[in-house]
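One structure below.
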Amino acid sequence: MSAIDTLINSTIRSDVRAAAGYHVADASGFIKLDAMENPYQLPHHLRDDLAQRLADVALNRYPVASYSTLKQRIVDKLGVPAGYDVILGNGSDELISILCMACATQDRRATALAPTPSFVMYQRSTQFAGMDYVGVPLKADLTLDLPAMLDAIAQHKPSLVFLSYPNNPTGNLFAEDDIVAIIKALDGFGLAVVDEAYEPFAQQTFMHRLPEFENLVVMRTVSKLGLAGIRLGYLSAAPRLLAELDKVRPPYNINVLTQVAAEFALDHLEVLNQQAADLRAARGDLMAALARLPGVEVFPSAANFILIRVPNSDDAYAKLLSRKVLVKNVSKMHSVLTNCLRITVSTPEENSTFLDAFAASQAA
Ligand SMILES: *Cc1c(COP(=O)(O)O)cnc(C)c1O
């Protein structure tokens, strides 16, 4: 064993050493339909204005750690209820880590629970924080198995339950009543984290229901709305709870460029909202076109992506790749996703390029 192996074995945790890195496919030269990005940029005149704002930012200074202007704009524009504040994360990925760090304990193993398949960062962040993770399989139709969720909650007493609403990678919204039943089942010992990363496309939210439930946490991101590159997530919950979570947050976790860009984008929210509306319409068109292809099963979607089942997902994925179209092959994630592909909804042009390539892959 070399010196560096010895060093790594004596310093880095065994579960970290055993883990695989988070794999991101190299998409250069491809039509990129794998990562739920909004395909539209800001219009040119707004980009010019933004450039001026960014040029004026004092890069030599630390951010003002309260982030009060940006937070106030989020509260005012994004439906946060009166009396509620937000904390900000470097993407909602960081907020997931913050939740796990705040709940992981040394004295007893704390548990986080989520339906599975769901967003992979729930399991990764849970594990790296030193919590146990319990995944409760979805039913074959990809809906929530509420009795199994409630049993698992009674058995494991999780500190955190993550509910992606709508769910990634399946695209469906879990039934609102089922989520309420889970929030109530956690009353007194666990937090229900409703992850609304796709809220612009679902237009369904638990944000306004925060005052009903002290253990409800609503998490969102601007990534899927069209600002994935600036890395900004926000989370709201009861003020006392928020204050505890905020202790774990690194004080300057949002950089000044992100802060200014986000404030600017929120001043022009109608532009992003219109893009989301266009993508919702494109989603309907793409789902209808896919449903017309023989042998293709299209699952319901409230997100900016569509889950489909095909006769041979590996073959379809490879054929799309050979035509320079990158989608996500989720078929190996979980047995309920056998032969499934996840396709991000894009511009009408990119969607029809995908459709042509996909139809050819199915015909051949
Ligand atoms: C994309 C996604 C996120 C991550 O959002 P970032 O703010 O970009 O870190 C969180 N949750 C779900 C369910 C997602 O699909």
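Remember, it's 1-based here, ligands and their atoms both numbered in the order they're listed.
- Under a hydrophobic-cluster definition in which Ile, Leu, Val, Met, Phe, Trp and Tyr are linked whenever side-chain heavy atoms come within less than 4.5 Å, directly or via other members, Met36 and Leu272 are assigned to different clusters.
- The six-membered or imidazole ring of Phe206 lies away from that of Phe213, with a centre-to-centre distance of 6.0 Å or more.
- Judged purely by distance below 3.5 Å, without hydrogens or angles, the side chains of Thr205 and Glu196 pair a donor atom with an acceptor atom.
- Protein residues lining ligand 1, listed by chain and number: Gly91, Ser92, Asp93, Phe119, Tyr122, Ser164, Asn168, Asp195, Ala197, Tyr198, Thr221, Ser223, Lys224, Arg231 [non-hydrogen atoms, distance under 4.0 Å].
- Remark: Glu176 engages Arg209 in a salt bridge, criterion side-chain N to carboxylate O under 4.0 Å.
- Remark: Phe162 CZ to Ser125 OG distance equals 7.0 Å, nearest 0.5 Å.
- Salt-bridge annotation for Asp56 and Arg53: absent, with no side-chain N of the basic residue lying under 4.0 Å from a carboxylate O of the acidic one.
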